[in-house]
Amino acid sequence: MEGAGQSGPDRSTDGAGQGLDRGAGSGHGAEHDGLAGSADASGAGRATGTGATEAHRAPGATVGTAAAGATARPLRTRRLPVHWAWFVAAVTFVTIIGAAAFRSLPGLLIDPLHREFDWSRGTIGLAVSVNLALYGLTAPFAAALMDRFGIRRVVAVALTVIALGSGLTVWMTAAWQLLLCWGVLVGLGSGSMALAFAATVTNRWFTERRGLVTGILTAASASGQLIFLPLLSWIVEEHDWRPAAVTVALAALAVVPFVWLLLRDHPADVGLKPYGSEVFVEKPPPVPGAARRAVKVLLSAARTGPFWLLAGTFAICGASTNGLIQTHFIPAAHDERMPVTAAASLLAVIGVFDVIGTVASGWFTDRFEARRLLAVYYALRGVSLLFLPMLLFPTVHPPMILFIVFYGLDWVATVPPTLALCREHYGDDSAIVFGWVLASHQVGAALVAFLGGVARDVFGSYDMVWYASGALCAVAALMALVIRKGRAMVPAVAGA
């Protein structure tokens with residue numbers, strides 16, 4: 001018993017020392033000394049409370065100030081009215097809203113840059129296509145970057161790179177500078193945080209309410225599009241494109257302090273359990289081999305037929321959404337004398353219905369065969385694109401609104417069934433495989449962003465682009481039906 005009385009303060013002293021660095025020492029030490037019975041699920045601070053002191057107390061033993069010092073930091077975090085995970089989720093939400101500004105601007109820049117510099121739409125589309133390609137190709141490695149260097153560092157640097165790329169466009173005089181600033185810098189910056197950011201935050205900070213948090217963070221992108229598209233289009237119309245580029249740069253920089261002050265890589269950094277967890281979770285060490293595993297999984301999946309069918313269909317998805325509508329809808333509508341602000345507002349409405357369509361598609365995916373859902377989504381999207389040239393007029397009318405509502409519902413409705421098919425065929429490797437399938441989405445978007453501009457230069461209108469994209473969607477519908485049913489495979493890269 002005397003030994004027990006001595007060990008309590010010793011461990012508490014160690015925990016206090018570690019708590020200064022990790023904020024987790026005292027709570028974690030208490031649980032591993034068999035004192036978890038006195039812990040409360042609401043925070044790590046309760047793990048070394050009075051009950052823990054009583055459990056170690058022996059006749060004649062005294063509880064030193066070391067034990068009191070060990071509980072100081074957890075008690076401060078315990079008194080927070082809201083779990084820190086929600087602060088992290090809020091910062092992530094604001095960051096993703098800001099990221100929507102980066103994706104909203106390219107479609108607004110095509111006509112102003114064409115008028116000012118006399119650059120062809122194909123040249124401008126090439127910069128947008130490089131942006132979209134790097135956005136997608138960087139994404140599979142984003143999680144590895146966050147595991148190696150931490151979420152906060154990666155996101156802060158990414159936002160700074162985006163602000164630099166957008167801000168420097170104000171002084172550009174040659175097309176290669178647009179390619180470097182908007183294509184390379186903004187593409188790398190946005191790709192470093194977009195696809196992996198929300199998933200990493202949700203997985204680390206929440207064990208309960210993950211579906212809710214994922215839905216909220218997914219909605220942030222659409223909300224940002226709703227906020228920024230009308231604003232940026234008004235700025236471009238009234239004050240030219242340079243103030244709009246500066247607005248995007250300032251939006252990125254404005255988020256950096258919140259990321260640095262409030263975002264933490266892991267609950268252990270502030271001495272807390274993940275939200276909803278009953279146990280304290282140690283912060284995992286950096287995983288330097290994550291990028292290598294991503295490449296190995298790609299090489300393994302590339303030897304299977306379903307991977308190429310999924311990548312092909314999702315490339316057409318990206319081509320018909322980000323590459324086509326998001327990049328070329330506004331200049332195409334402006335060709336028909338529709339005001340830029342009106343066209344941008346229609347594009348923002350797509351973002352609203354995008355959220356509804358994604359949630360509904362998830363519900364359908366739980367109840368119907370995923371490949372058949374994909375076939376229906378792509379077929380209906382293709383039919384709608386065939387009608388679009390007949391709907392573009394100087395004013396907005398009911399058939400155009402119907403198209404916008406439908407396209408919004410179908411925008412990323414393909415994601416839940418595609419993810420379900422990845423899970424069905426690739427099991428534990430499905431998340432990495434899906435990352436590469438998402439990369440193909442952005443590559444498809446990049447190709448159409450470039451080729452759409454070239455087609456406009458050659459044919460003088462976008463009609464051929466709409467018809468060709470409709471035909472591609474029909475091909476995607478057939479490809480989806482060809483995907484065979486599968487069972488979850490053993491991880492392709494065991495022990496990688």
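Computation of the quantities below employed the complete heavy-atom set of this structure, encompassing side-chain atoms and omitting hydrogens, waters and symmetry-equivalent molecules. No experiment lies behind these values; they were computed from the predicted model shown.
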Legend entry - Donor-acceptor under 3.5 Å (Trp436 side chain, Ala294 main chain): yes
Inset, instruction - Determine whether Phe364 and Pro416 make a side-chain contact, defined as any pair of heavy atoms from C-beta on separated by less than 4.5 Å. - result: no
Legend entry - Considering all heavy atoms, the nearest Trp205-Ala85 contact: CE3-CA, 3.5 Å
Inset, instruction - Would you name the heavy atoms of Ala249 and Ser166 that are closest together and state the gap between them? - result: N-OG, 3.8 Å
Inset, instruction - Look at the side chain of Ser190 and the backbone N and O of Gly187, then say whether any donor-acceptor pair between them is shorter than 3.5 Å. - result: yes
Inset, instruction - Examine distances only and state if a side-chain atom of Ser129 and a backbone atom of Phe450 form a donor-acceptor pair shorter than 3.5 Å. - result: no
Legend entry - Gap separating the CH2 atom of Trp176 from the CG atom of Leu179, nearest 0.5 angstrom: 10.0 Å
Inset, instruction - Describe, in one word, how the ring planes of Phe314 and His441 are oriented to each other, choosing from parallel (under 30°), tilted (30 to 60°) and perpendicular (over 60°). - result: tilted
Legend entry - Residue pair Val437 / Cys422: nearest heavy atoms and the distance that separates them: CG2-SG, 4.2 Å
Legend entry - 4.5 Å side-chain heavy-atom contact, His425 and Arg484: yes
Legend entry - Test item: Val415 and Phe434 side chains (from C-beta on) under 4.5 Å apart, heavy atoms: yes
Legend entry - Within-4.5 Å side-chain heavy-atom neighbours: Thr304 and Tyr426: yes
Legend entry - Polar side-chain atom of Arg371 near backbone of Leu481 as donor-acceptor pair, under 3.5 Å: yes
Inset, instruction - Determine whether Phe307 and Leu298 make a side-chain contact, defined as any pair of heavy atoms from C-beta on separated by less than 4.5 Å. - result: yes
Legend entry - Residue pair Arg152 / Arg264: nearest heavy atoms and the distance that separates them: NH1-NH1, 3.2 Å
Inset, instruction - Using side chain to side chain contact (heavy atoms under 4.5 Å, CB included) as the criterion, point out the one residue from Leu388, Leu391, Leu386 that pairs with Trp466. - result: Leu388
Legend entry - Taking every non-hydrogen atom, the tightest pair across Phe403 and Ser384: CE1-O, 3.6 Å
Legend entry - Worked verdict on His83 versus Phe206 for side chain to side chain contact (heavy atoms under 4.5 Å, CB included): CA-CA 10 Å; His83 194 285; Phe206 293 85; over 6 Å; no
Inset, instruction - State whether the number of non-hydrogen atoms from other residues, nucleotides or ligands found under 6.0 Å of Phe406 atom CZ is greater than 12. - result: yes
Legend entry - From Asp410 atom CG to Arg381 atom CZ, the distance as rounded to the nearest 0.5 Å: 4.5 Å
Inset, instruction - Drop me the distance from Trp182's CH2 to Ile162's CD1, to the nearest 0.5 angstrom. - result: 8.5 Å
Inset, instruction - May I ask you to test the Val349-Ile401 pair for a side-chain heavy-atom distance under 4.5 Å? - result: no
Inset, instruction - Report yes if some heavy atom in the side chain of Thr365 is under 4.5 Å from a heavy atom in the side chain of Leu373; otherwise report no. - result: yes
Inset, instruction - Could you pull out the closest heavy-atom pair between Leu385 and Ser320, with the gap in Å? - result: CD1-CB, 4.3 Å
Legend entry - Close side-chain approach of Trp119 to Leu178, heavy-atom, < 4.5 Å: yes
Inset, instruction - Say whether, by atom type as modelled, one donor and one acceptor occur between the side chain of Ser300 and the main chain of Lys296 under 3.5 angstrom. - result: no
Inset, instruction - Report the relative orientation of the aromatic rings in Tyr275 and Trp86; use parallel for angles under 30°, tilted for 30 to 60°, perpendicular for over 60°. - result: perpendicular
Inset, instruction - Take atom CE of Met172 as the centre, draw a 6.0 Å sphere, and report whether it contains more than 12 heavy atoms from other residues, nucleotides or ligands. - result: yes
Inset, instruction - Report the distance from atom CG of Leu188 to atom CG of Leu137, rounding to the nearest 0.5 Å. - result: 10.0 Å
Inset, instruction - Would you please test Thr92 and Ile96 for side chain to side chain contact (heavy atoms under 4.5 Å, CB included) and show each step? - result: CA-CA 6 Å; Thr92 306; Ile96 294 174; 3.9 Å; yes
Inset, instruction - Measure from the side-chain N and O atoms of Thr418 to the backbone N and O of Thr414, and report whether any donor-acceptor pair falls under 3.5 Å. - result: yes
Legend entry - Atom pair CD1 (Ile151) and CZ (Arg204), whose distance is rounded to the nearest 0.5 Å: 4.0 Å
Legend entry - Distance in Å, Leu310 CG paired with Leu374 CG, rounded so as to fall on 0.5 Å steps: 7.5 Å
Legend entry - Asp457 side chain to Gly122 backbone, donor-acceptor under 3.5 Å: yes
Inset, instruction - Take Tyr407 and Leu347 through the test side chain to side chain contact (heavy atoms under 4.5 Å, CB included) and record every step on the way to the result. - result: CA-CA 10 Å; Tyr407 221 82; Leu347 206 55; over 6 Å; no
Legend entry - Leu451: side chain to side chain contact (heavy atoms under 4.5 Å, CB included) partners, not counting sequence neighbours: none
Inset, instruction - Step by step, work out the side chain to side chain contact (heavy atoms under 4.5 Å, CB included) result for Leu346 and Met338. - result: CA-CA 11 Å; Leu346 290 174; Met338 181 183 291; 4.0 Å; yes
